[in-house]
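Sequence lines set the chain letters: A, B, ... in the order given, protein chains first and strands last, and positions in each chain run from 1.
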Amino acid sequence: MPELPEVEVVRRGLDRWVSGRVVAAAEVLHPRAVRRHVAGAVDFTDRLRGVRVAPARRRGKYLWLPLGEDLALLAHLGMSGQLLVQPGGTPDEKHLRVRVTFDDVARGELRFVDQRTFGGLSLHAVGRDGVPDVIGHIARDPLDPLFDEDAFHAALLRRRTTVKRALLDQSLISGVGNIYADEALWRTRLHYELPTAGLTRPRTAELVSHIREVMNAALAVGGTSFDSLYVNVNGESGYFDRSLDAYGREDQPCRRCGTPMRRRPWMNRSSYFCPRCQPPPG
DNA sequence: GGAAGCTCCTGAAAGC
DNA sequence: TGCTTTCAGGAGCTTC
């Protein structure tokens, strides 16, 4: 499932294989894949034709290809989205949703493949900072040099919510999904239902540090491929799932204390934690 | 206005 | 064997 490290791996791939090229044509094979492009699929393909792609950028789990001064092709991979660069003539993937071809045909075409169709592509105006207007509310991610840890801590204290909810709120801190939230909480020995108001400044610093640690470790091995739905632009999987300490480890011994790990249903998904290292609040 | 819950979607796995 | 149910989850939308 693509979180920040996986999206960053894809961004690097796009930089290598797509930036600098000129779009020849685009084809939408499933309208839901461009549902966030409010003007519709025809407008989407019309406006892409003939534009030159600039180096890919990313904020949190969103990535985009700047197209000239004031337009960008925004992508979100959702649960199962893949951006693949394939040689022309390669048989279509079963869940191919959008195809983009370029004037230099020999370098392959860009394909958006998405089984569960939670992801999508869309075109948007960009603001002065070069960020697409529709993601202006997305906070900087913890790997961004301009991420403001003091402001993040202050925001946590203002919220009347719990720590894992806050980590998944992309307007507070971006790029963290269910897997890396559980991993960072395990490393910080925090229970997912701890109220954010109970976090001290040093604890917040420790938590952010562990988020960075787990993300950098995942990046180093190409991301996490827990259910084989995430691959880089060349269709290769990452290996970080072999290093997970919490996510998916129900009933297995905690790597710190040996206590069997627990899984609890939480917000229509799951939370994995060690009941001894991460005792519930109160 | 803020927080919590619902919904979209597909396919693998489990249950019967 | 084959059908039904459950589960996975990011983020926009709705409800309280």
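Atom CG in A:Asp169 sits roughly 11 Å away from atom P in C:dG12 (whole-Å rounding). Atoms CG (A:Leu121) and P (C:dA11) sit 15 Å apart, rounded to a whole Å. As rounded to whole Å, 8 Å separates atom P of C:dG9 from atom NZ of A:Lys164. We find that CG of A:Leu168 is positioned 14 Å from P of C:dG12, with the value rounded to whole Å. For A:Glu250 and C:dA8, the CD to C1' distance is 14 Å, given to the nearest whole Å. One atom, CZ of A:Arg36, and another, C1' of C:dG10, lie 8 Å apart when rounded to the nearest Å. The interatomic distance linking A:Trp266 (CH2) with B:dC6 (P) rounds to 14 Å, in whole Å. Taking atom NE2 on A:His37 and atom C1' on C:dG12, their separation rounds to 18 Å, with Å as the unit.
Side chain of A:His76, nearest nucleotide from C:dA11, C:dA8, B:dG11: C:dA11. Relative to the side chain of A:Arg159, the nucleotides B:dA3, B:dT10, C:dA11 differ in distance, and B:dA3 lies closest. Of the candidates C:dG10, B:dC8, C:dA8, C:dG10 carries the atom nearest the A:Glu3 side chain, counting heavy atoms from C-beta on. Nearest to the side chain of A:Lys61, among C:dA8, C:dA11, B:dA3, sits C:dA11.
Look at A:Tyr247 and you'll find a side-chain N or O under 4.0 angstrom from OP1 or OP2 of C:dG9. In terms of phosphate contacts, A:His137 brings a side-chain nitrogen or oxygen within less than 4.0 Å of OP1 or OP2 of C:dG12. Taking 4.0 angstrom as the limit, A:Arg269 places a side-chain polar atom (N or O) nearer than this to OP1 or OP2 of C:dG10. Within the 4.0 Å cut-off from OP1 or OP2 of C:dA11, at least one side-chain nitrogen or oxygen of A:Gln170 is found. Using a 4.0 Å cut-off, some side-chain N or O of A:Lys94 falls inside it from OP1 or OP2 of B:dG11. Within the structure, every side-chain polar atom (N or O) of A:Arg116 is placed at least 4.0 Å from both OP1 and OP2 of B:dC8. The side chain of A:Ser80 places no N or O atom within less than 4.0 Å of a non-bridging phosphate oxygen (OP1 or OP2) of C:dG9. Regarding contacts with the backbone of B:dC8, every side-chain N or O of A:Thr117 stays at 4.0 angstrom or more from both OP1 and OP2. Residue A:Tyr180 has no polar side-chain atom (N or O) positioned under 4.0 Å from OP1 or OP2 of C:dG10.
With A:Asn178 contributing its side chain and A:Ser271 its backbone, the two residues share no donor-acceptor pair below 3.5 Å. Between the A:Gln82 side chain and the A:Ser80 main chain, no donor and acceptor come within less than 3.5 Å of each other.
Base engagement by A:Asn268 is indicated by at least one non-hydrogen atom pair under 4.0 Å involving a base atom. Residue-level contact check: A:Arg263 touches the backbone only, with heavy atoms under 4.0 Å from sugar-phosphate atoms and none from bases.
The aromatic rings of A:Phe152 and A:Phe147 lie tilted to each other, with the angle between the two planes from 30° to 60°.
The pair A:Arg249-A:Asp245 does not count as a salt bridge, with every side-chain nitrogen at least 4.0 angstrom from each carboxylate oxygen. We find that A:Asp104 and A:Arg21 are joined by a salt bridge, their nearest charged nitrogen and carboxylate oxygen being less than 4.0 Å apart.
Nearest-nucleotide positions on DNA chain B place A:Thr162 closer to the 5' end than the other of A:His30 and A:Thr162.
In this structure, the aromatic ring of A:Phe118 is positioned over the six-membered ring of the base of C:dG9, centres within 5.5 Å and planes within 30°.
Of the options A:Arg59, A:Arg58, A:Arg212, a side chain to side chain donor-acceptor pair (under 3.5 Å) to A:Asp141 is made by A:Arg58 and by none of the others.
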